[in-house]
Amino acid sequence: MKEFKRTTLKLDLADTLNEDPNTVMFYRAQLAEATDDYQTAMKLYKHVLKSDPLQQSTLRAMLILSAANGNYARSHQFYNGLSKQQQALIAADYTLLETQQLRASADDLTAKGKLDEAVDMLLMAIKQSPRQSWLYYDLANLYQQQGLVEHAKALYKKTLWQFPLDAELRYSHALFLRSLNDYQGALATLDYIPTNARTDEINVLAEQLSINTKLEKLAENNTATNKATIIYKLTELEAQPLTPLMQAELATQWLQINEQQYAMRQLKKALKRDSSLSPYWHMTYADLLINNDDQAGVDTWFSHYQLPSNATNSEQSQWLALQINYINRFYQGQTRITKLTALDNQYSENPQLNEALINAYIEQGETRFAISRYQQHTAMGHTVTTDTALTIAALSREMQNNTLADRIVAEQINQVTYQESYRQQQLMAALSQFEDQTTALNLAKQLLAKSNNNQELYYQAAAVAETKQQTQLAKNWYQAAIAANTINSRLANEQYYSLYTLDDDAPWYVNNAKRQLQRIEQQEQAYITAAINLSSQTSTQNESTLGAGATPIEAGFPLWGGTGIIKLDPMTISSQETRFDETFAGSRYGQGALCIFDCPLLSIEPEQQGVDIGFAWQNEQWRFDVGTTPLGFLVEDIVWGVSYKGSFGDFGYGVTFNKRPITSSVLSYAGLEDVFTNQVWGGVRATQLQLSLSHDLGLDWGFWGSTNYQLLTGKNVKDNQSYSLMGGSYYRYIRQRNKELSMGLNLLHWSYKHNLSEETWGHGGYYSPQSYLGASLPVIYDQRIGHNFVYRLRGGVSWSTTTTDEIEFFPNDPVLQAQAEAQTAITGLVPYFEEDTSRGISYNLGASFEYRFTPHWFFGGYLNLDRADFYEPNYAQLYFRYYFKPVYSELIFPGKPVIPYASY
């Protein structure tokens, strides 16, 4: 009706103003549509369109009208009959219409119980129209119907990360959370909506959720649907002519759904109408006042009501419980103890009162009185709740009375029944505090025997066994937590592989047990690994080359709660031949510029051999190492490192402080001997502090960043400094357990104070631009095939721009530099390396694999190729690894090649 009036006003106004006939006809078509005269409306729209074939509003109206009553076939026919130019004008509207059709199809499939097909249909719709908020709502509800609530939550989490301020999306998210009874979460998501985007519907929902949040405390045991039905029926009953007893009984119905205010109202009416109702109803009303924190009301009630002398034992017990509840609710500290003691004098040796006094002493911090009262209480054959008993046991341990604490826990274990699974879990957790290993493990076995092979309890028992250093027993129990029928069984390798593989659909304790088995496997493991490294790099700018061959060897073994590591890396390194009868090449080696055509040697082709040694220790957070650069190189040094990894919230961070060799060239890594003076220079070492930060929850998006600062020193090399800033993000286009495809964007900037890239005396032979700025687009594909094979394919393209400053031939020695400058007229050499600015595009390719032959033997390889305008490094490695104990854990992406100590 509202739309009809609006269209009529537009039409009358158009007639009054003598507007264009097409405009008037368009409004007449809208008027016909508003009165459901679709045939007339379509004829009028066609008439308008005939005059102006490209009028967008008319095309849009005709498209929408063609889909009236869900006739999408007619709308597709209409759209396909348009010219390409007309289609382009309403392409967005047509896409939205297709999305609506997909949503309608999903509704039909859902009604038929074909939930999987409905999910696929909605996923297609979301891909087509990612900003349609209600598609996510429908899909989340489907996931909920399938029991995949976490999938639904993850769906909204991912989408809200992309569109955090979308008011309609937030509104639909709040409605979905309300359907899960997560009223706090629903309110929280509405808080993100800006004030100017809040509609009346959003404000009404916020008010309702605020009420729901309060009701949640009163109705924890009812779903929203059931509760609404019950309230409706109870409200209907209230309108009936009820007797006082019937009203009291109605109050209990309100209590069952935790509606205490309604219950109090009904019960108060009933007692007012008939005060002779059973004491049970009077005390129930008083209990409601207590629970409502109405101390004044309770005090008034106590002053007017006395328990009848003929009260039954049950009513007397209720009367005492009411007084205990009253004291515990409204009095604290010593006052509470005093009042409970007065009751104790009146009702001596009452078990319920005794436990209340024990807890009062505990809360007051009067540990000795609490323990003494507990001992008196149990000596009379009375029991207490498990919570109270475990609290007394913990206090006894604080008092160094471990014997009493152990006895309390043991008594509770003897009393627990087969059906009390939660109590069994409480008691199992308490066993980790036992000092006597044998007693703790025997009691754990006793609990397990009562649990009917409860897998969660096996998980807890395994944790107890670990605290008692019984690793093998812990492994058996973790295995039973995963599959109870496999305990103490010898399995085939494939069965073990499956046992250790995480399962997204398994309960939390099953996957945690798998993780613990993997952790123990790693902690107990000793291994030896060796590799063959082949690497080379060529500078097409100055024809310098670097060749390196190594056979890195590494051994690891359990040590001090972590892993001890020994590294040996036999290394051969070489570079291109330099001829001193060639002015250009000879002048760029050591002090060759000072002896051109008169150097002691005609040429030199450096090659050095050595073995570096490293010792390291690491655990999940720390790593320490100390070692040497290759012994046998011209320059030998002690190197070391300390690193720490931690997390805060959803972010991971790392701090590294180390000293490492620069391996860019023979000069920077091993040092060279000057052909003119026979002196050694080079062997550059970087002492750096590095900070890193990352965010990766294993979902679609991840982010990282790092920065470092370096001090670079070498023998007879000018000191240098550098810093770097790097960061990037990546998106997992495919994210499956056995397959992953990620694409990223990385930004890099680094800078060196001095340009020491060359190989003259005082230079370091390592690339050191004064500014490097780059961006790269990496693509990585990982796959796991079966249990025993993983591989990675990697490629990327990058762009960079660099600036290097002019630098002297001999930056560390003004005297030598002056000599070289003085000889310029004779040699024709200008002893300066020119400044340079360059930019370009490079690419890289890489691949790796790892194969598990047996649970002990692994074999793998790694290949990397980089290609840039002036830089072409190649690197390859083949390696094997032998584990002294079998490895059943799932192979992770990617494989684990041997890292030489120089790159550790």
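Numbers here simply count residues along the sequence, with the first being 1.
Taking the six-membered ring where the residue is Trp, Tyr156 and His173 present tilted rings, their angle falling between 30° and 60°.
When atom types are taken as modelled, the side chain of Gln306 and the backbone of His304 share no donor-acceptor pair closer than 3.5 angstrom. Looking at Asn359, its side chain does come within 3.5 Å of a backbone N or O of Glu355 through a donor-acceptor pair. Judged purely by atom type and a 3.5 angstrom limit, His282 uses its side chain to pair as donor or acceptor with the backbone of Ser275. Not a single donor-acceptor pair under 3.5 Å links the side chain of Arg170 to the backbone N or O of Leu190. Side-chain atoms of Thr189 do not come within 3.5 Å of backbone N or O of Ala186 as any donor-acceptor pair. At distances below 3.5 Å, not a single donor-acceptor pair connects side-chain atoms of Lys468 with backbone N or O atoms of Glu435.
For Glu411, the CD atom sits in a packed shell: over 12 heavy atoms of surrounding residues, nucleotides or ligands are nearer than 6.0 Å. Counting non-hydrogen atoms of neighbouring residues, nucleotides and ligands closer than 6.0 angstrom, the NE2 atom of His382 exceeds 12 such neighbours. Enclosure of atom CD in Gln146 by more than 12 non-hydrogen atoms of other residues, nucleotides or ligands within 6.0 angstrom is indicated. Crowding of Tyr192 atom OH: a count of heavy atoms from other residues, nucleotides or ligands under 6.0 Å not exceeding 12. Within 6.0 Å of the CZ atom in Phe648, the count of heavy atoms belonging to other residues, nucleotides or ligands exceeds 12. Environment of CD in Glu620: sparse, with no more than 12 heavy atoms of neighbouring residues, nucleotides or ligands closer than 6.0 Å. Around atom OH of Tyr262, no more than 12 heavy atoms belonging to other residues, nucleotides or ligands sit under 6.0 Å away.
Checking each of Arg423, Arg407, Gln426 against Gln412 for a side-chain hydrogen bond (donor to acceptor under 3.5 Å, both in side chains) leaves exactly one that passes, namely Arg423. Trp319 pairs with exactly one of Phe302, Tyr326, Tyr280 by the ring-ring contact (aromatic ring centres under 6.0 Å, His included) rule, that one being Phe302. Among Gln261, Met264, Gln260, Glu259, the one residue that satisfies the side-chain contact (heavy atoms from CB on, under 4.5 Å) test with Trp254 is Glu259. Of the options Asn325, Asn350, Leu307, a side-chain contact (heavy atoms from CB on, under 4.5 Å) to Leu320 is made by Asn350 and by none of the others.
The heavy-atom pair separating Ala356 from Leu340 by the smallest distance is O-CD1, 3.8 Å. Nearest heavy atom pair, residue Ala429 against residue Gln460, reads CB-NE2, 4.1 Å. Considering every non-hydrogen atom in both Arg198 and Asp191, the closest pair reads NH2-CA, 3.8 Å. Scanning both residues, Leu155 and Ala140, for their nearest heavy atoms gives CD2-N, 4.0 Å. The two residues Pro244 and Ala270 come nearest to each other via the heavy atoms O-CB, 3.2 Å. The shortest non-hydrogen separation linking Leu448 to Ala461 is CD1-CB, 3.9 Å.
Between Ile327 and Thr335, every side-chain heavy-atom pair lies at or beyond the 4.5 Å cut-off. With contacts defined as side-chain heavy-atom distances shorter than 4.5 Å, the pair His151/Val119 does not qualify. Between Gln318 and Pro279 there is no side-chain heavy-atom pair separated by less than 4.5 Å. Residues Trp508 and Tyr459 have side chains in contact (heavy-atom distance under 4.5 Å, counting atoms from C-beta outward). A 4.5 Å side-chain heavy-atom check between Glu168 and Thr199 finds every atom pair outside the cut-off.
Taking CD of Gln266 as the reference point, atom CG of Leu288 lies at 12.0 Å (rounded to 0.5 Å). Once rounded to the nearest 0.5 Å, the distance linking OG1 of Thr338 with CG of Leu343 reads 11.5 Å. The distance from the OH atom of Tyr331 to the CD1 atom of Ile337 is 15.0 Å, given to the nearest 0.5 Å. Here the straight-line distance linking atom CD of Glu201 with atom CG of Leu175 works out to 10.5 Å at 0.5 Å rounding. Atom CG in Asp299 sits 10.5 Å away from atom CG in Leu289 (nearest 0.5 Å). Here the OH atom belonging to Tyr137 is positioned 9.0 Å from the OH atom belonging to Tyr171, to the nearest 0.5 angstrom.
Between Phe369 and Tyr361, a ring centre-to-centre spacing shorter than 6.0 Å is recorded.
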N/O donor-acceptor pairs under 3.5 Å from side chains in residues 392-401, not counting sequence neighbours:
| residue | atom | partner | partner atom | Å |
| --- | --- | --- | --- | --- |
| Ser396 | OG | Ile392 | O | 2.8 |
| Arg397 | NH1 | Asn402 | OD1 | 3.4 |
| Arg397 | NH1 | Asp406 | OD1 | 3.0 |
| Arg397 | NH1 | Gln433 | O | 3.4 |
| Arg397 | NH2 | Asp406 | OD1 | 2.7 |
| Asn401 | OD1 | Leu404 | N | 3.1 |

Would Tyr478 and Arg515 count as a side-chain contact (heavy atoms from CB on, under 4.5 Å) if you check the C-alpha gap in whole Å, the side-chain angles of each, and the deciding distance to 0.1 Å? CA-CA 9 Å; Tyr478 280 133; Arg515 293 186 183 96; over 6 Å; no
Between Lys158 and Leu699, is the side-chain contact (heavy atoms from CB on, under 4.5 Å) condition met? List the steps. CA-CA 8 Å; Lys158 173 185 173 182; Leu699 301 176; over 6 Å; no
Please test Gln316 against Tyr347 for side-chain contact (heavy atoms from CB on, under 4.5 Å), starting from the C-alpha separation and ending with a verdict. CA-CA 11 Å; Gln316 291 180 26; Tyr347 300 92; 5.9 Å; no
Just do the side-chain contact (heavy atoms from CB on, under 4.5 Å) check on Lys475 and Leu517 with the steps written out, would you? CA-CA 6 Å; Lys475 288 170 66 176; Leu517 283 175; 4.1 Å; yes
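Residue pairs satisfying the salt bridge (Lys or Arg N to Asp or Glu O under 4.0 Å) criterion with at least one member in residues 441-467, sequence neighbours excluded, are listed as follows: Glu466-Arg519.
The closest side-chain donor-acceptor pair between Arg336 and Gln364, if any, does not fall under 3.5 angstrom. Ser451 and Gln424 share no donor-acceptor pair across their side chains, judged by distance under 3.5 Å alone.
Look at Asp182 and Lys153 and you find no salt bridge, because none of the NZ, NE, NH1 or NH2 atoms lies under 4.0 Å from a carboxylate O.
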